[in-house]
Amino acid sequence: MNKWKSAFWVCFVLLIFTNLFWGYSVINQAVSYSYLEVSFYEQKRANKVLGNLIVLGGKQFSQKDFLHLLRQAYPDEFIVEKDNRITMFPNTFEFENNRLSEVK
């Protein structure tokens, strides 16, 4: 009978500690995810602001000039020009009337 009681208490204590560990782990992941989500949202806002600045500064260049500048600045990148778009992962530069109109 004594072995059964000691085995019960050992298992009970282990169960308590493992539940505390998993509870802490879940709470930690939830907090980390919240911070990551806020950081991602702020980064998207910053990218939009920078994209608008690029559009304002890039209006003086034509689509071919812009493509040439991108290829000079990033010679190892995969840059695709299709119709009125230039795609360089993860950015897409859209042109209207041969002038930069939007950065996505």
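Numbers here simply count residues along the sequence, with the first being 1. What you see below is based on every heavy atom in this structure, not just the backbone, and it leaves out hydrogens, waters and symmetry mates.
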Within one Ile-Leu-Val-Met-Phe-Trp-Tyr cluster: F21 and L15, side-chain cutoff 4.5 Å: no
Out of curiosity, does Y74 fall in the hydrophobic cluster containing F66 (side-chain heavy atoms, cut-off under 4.5 Å, transitive links)? yes
Okay, side chain of R85, backbone of F95: is any donor-acceptor separation there less than 3.5 Å? no
Indicate the ring-plane relationship of F8 and W4, choosing parallel, tilted or perpendicular according to the 30° and 60° boundaries. parallel
Rounded to the nearest 0.5 Å, how far apart are CD of Q72 and CG of L67? 10.5 Å
Output the distance between atom CD1 (I79) and atom CG (D76), rounded to the nearest 0.5 Å. 10.0 Å
When rounded to the nearest 0.5 Å, the distance separating CZ of F93 from CG of N91 is 4.5 Å
Can you establish whether the number of heavy atoms outside N19 located under 6.0 Å from its atom CG is more than 12? yes
Any chance you could measure E77, atom CD, to T87, atom OG1, to the nearest 0.5 Å? 12.5 Å
Between I86 and T92, does the side-chain contact (heavy atoms from CB on, under 4.5 Å) criterion hold? Intermediate values first, please. CA-CA 6 Å; I86 296 176; T92 301; over 6 Å; no
Looking only at the aromatic ring of each residue, does the gap between the centers of F78 and F89 stay below 6.0 angstrom? no
Counting only N and O atoms by type, is there a donor-acceptor contact under 3.5 Å from the side chain of N98 to the main-chain atoms of S62? no
Are V55 and V103 side-chain neighbours, meaning at least one heavy-atom pair lies under 4.5 Å? yes
All pairs passing side-chain hydrogen bond (donor to acceptor under 3.5 Å, both in side chains) where residues 33-49 contributes a residue, at least two apart: Q43-N47
Between Q29 (side chain) and Y24 (backbone), is there a donor-acceptor pair under 3.5 Å? no
With clusters defined by side-chain heavy atoms of hydrophobic residues (ILVMFWY) lying less than 4.5 Å apart, directly or transitively, does L36 cluster with I27? no
Side chain to side chain donor-acceptor pair (under 3.5 Å) against R99, all qualifying residues, sequence neighbours excluded: none
Take F61 and L100, measure what side-chain contact (heavy atoms from CB on, under 4.5 Å) needs, and give me the verdict at the end. CA-CA 8 Å; F61 299 111; L100 185 62; over 6 Å; no
Sorted by chain and number, sequence neighbours left out, side chain to side chain donor-acceptor pair (under 3.5 Å) with K64 holds for E81
Go through the steps to decide whether N84 and E94 satisfy the test side-chain contact (heavy atoms from CB on, under 4.5 Å), and finish with yes or no. CA-CA 6 Å; N84 62 343; E94 292 187 2; 5.5 Å; no
Check: N28 main-chain N/O paired with S32 side-chain donor or acceptor under 3.5 Å: yes
